[in-house]
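Here's the structure we're looking at; comments come further down.
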Amino acid sequence: MPELPEVETVRRGLERVLLGQQIVGGEVLLARSFSGVWSDLMGRMVREVGRRGKVLLIGLDQGKTALVHLRMTGQLIYQPQDGSPREGGGHPSVALIRKLPNAHTRVIWEMSSGARLFFNDQRTFGSIKLLEDTELPTEPFLAKLGPEPWDKAFSIAALHRAFQRRSRSSVKAVLLDQEVVAGIGNIYADEALFLSGIHPATPAGALSQTQIKPLIAKIREVLERGIEYGGVSARDYVNAEGLRGRMQEQLYVYGRDGMSCKLCGITLQKLRTAGRGTHVCPRCQSQP
DNA sequence: TGCCCCCTGCAG
DNA sequence: CTGCAGGGGGCA
């Protein structure tokens, strides 16, 4: 589910509460959701909470790191000791998890404060992998991951090269490729392309550097906005407190097919590009 | 470089 | 009931 802004929101939430705490217990409720030596976690202290693309990196002492990939429906929810599950105050945008653990809880960590960290994952595509720090550079997914969107390496020239290399692929497919740039998913790809006036099905090779420059700016802008608004809660996403994000209200095209374009008023369409549901404005985005 | 698939649940 | 869902690995 979560793309970079959602994962970053979870990261910030966990960083506030997890640093310095030890893992003192817990349970794996679904075996395939955890890999590594479970007992190696016991007594480990959280020294940092990082992120690369859509992957969370929970750095532990004794040279270990827990790599958490939420995939489509993963959640990491921190519940303080005595933390009564927070009620949403009646507003739908902050409705949330009532009971933990629940039917989708796959892994639980018990922390030294008495708090618990719940890894929930309805579709079970996500996972927690406990690795030695020395294994991180060769971890297959991390090793291939492209630059962060704000990295200098994500430059006009580099994106132009990626587009030329896959010139017949759709521009959306290339943006979704985590080896090109890390962290963009279906929602933010659609949003960035809308804001750039580029149709997602445009062959990547057709884009000039003149078009790529503002595209990069819009990618960064929409991801920053996503973080600012605490991520998109279109379905399952909640932050580390179990609260929904507010970015869904800011979206221009994703999930708004059949509704009118916020900029020109025409009815938004949904199509399929790169195997994914794709949302476009037929007027604001020039046809490929 | 596109598609099917992993899996579960929900809307149409 | 079928089709689809914030991802991405493995297969033509």
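Sequence lines set the chain letters: A, B, ... in the order given, protein chains first and strands last, and positions in each chain run from 1.
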Checklist entry - Does the aromatic ring of A/F125 sit over the six-membered base ring of B/dC6, closer than 5.5 Å centre to centre and tilted less than 30°? => result yes
Next on the checklist: For A/F194 and A/Y252, take the angle between the two ring planes, folded into 0 to 90°, and tell me which bin it lands in: parallel under 30, tilted 30 to 60, perpendicular over 60.
Outcome noted: parallel
Checklist entry - Taking the side chain as C-beta and beyond, is there a heavy-atom pair between A/V253 and A/E191 under 4.5 Å? => result yes
Checklist entry - On DNA chain B, nearest-nucleotide positions of A/R235 versus A/R168: which is more 5'? => result A/R168
Next on the checklist: Using heavy-atom distances to pick each residue's nearest nucleotide on DNA chain B, tell me which of A/Q122 and A/D177 is more 5'.
Outcome noted: A/D177
Checklist entry - Given the rule that I, L, V, M, F, W and Y join up when any side-chain heavy atoms are under 4.5 Å apart, are A/L223 and A/L145 in one cluster? => result no
Item to check | Secondary-structure notation, DNA chain C, from Watson-Crick and G-U pairs under 3.5 angstrom (| other strand) | outcome: |||||.||||||
Whole angstrom is fine here: how far is it from [atom1] in [X] over to [atom2] in [N]?
| X | N | atom1 | atom2 | answer |
| --- | --- | --- | --- | --- |
| A/L176 | C/dG8 | CG | P | 9 Å |
| A/Q248 | C/dA5 | CD | P | 17 Å |
| A/M72 | C/dG8 | CE | P | 10 Å |
| A/K54 | C/dG9 | NZ | P | 10 Å |
| A/E3 | C/dG8 | CD | C1' | 13 Å |
| A/R71 | C/dG9 | CZ | C1' | 7 Å |
| A/D121 | C/dG7 | CG | P | 13 Å |
| A/E6 | C/dA5 | CD | C1' | 14 Å |

Touch check for [X], heavy atoms < 4.0 angstrom, all strands: base, sugar-phosphate only, or nothing?
| X | result |
| --- | --- |
| A/Y188 | nothing |
| A/G126 | nothing |
| A/G185 | sugar-phosphate |

For [X] and [N], is the shortest distance between a side-chain N/O and OP1 or OP2 below 4.0 Å?
| X | N | value |
| --- | --- | --- |
| A/H104 | B/dT8 | no |
| A/R276 | C/dA5 | no |
| A/R272 | C/dA5 | yes |
| A/S169 | B/dG2 | yes |
| A/K270 | C/dA5 | yes |
| A/K144 | C/dG8 | no |
| A/Q178 | C/dG8 | yes |

Checklist entry - More than 12 heavy atoms of other residues, nucleotides or ligands under 6.0 Å from NZ of A/K262: is that the case? => result yes
Are the side chain of [X] and the backbone N or O of [Y] linked by a donor-acceptor pair below 3.5 Å?
| X | Y | answer |
| --- | --- | --- |
| A/R51 | A/L56 | no |
| A/T65 | A/D133 | no |
| A/T73 | A/Q122 | yes |

Next on the checklist: Between A/G277 and A/V55, which residue's closest nucleotide on DNA chain C lies nearer the 5′ terminus?
Outcome noted: A/G277
Checklist entry - C/dA5 base to A/R123 side chain: any donor-acceptor pair below 3.5 Å? => result yes
Checklist entry - Rounding to the closest angstrom, what is the interatomic distance between C/dG8 and B/dC10 at atom C1'? => result 23 Å
Checklist entry - Taking atom P in both B/dC7 and C/dC11, what distance in whole Å separates the two? => result 16 Å
Next on the checklist: For the CD atom of A/Q178 and the CZ atom of A/R52, what is their distance to the nearest 0.5 Å?
Outcome noted: 10.0 Å
Checklist entry - Any luck finding a side-chain donor-acceptor pair between A/E6 and A/Y188 under 3.5 Å? => result yes
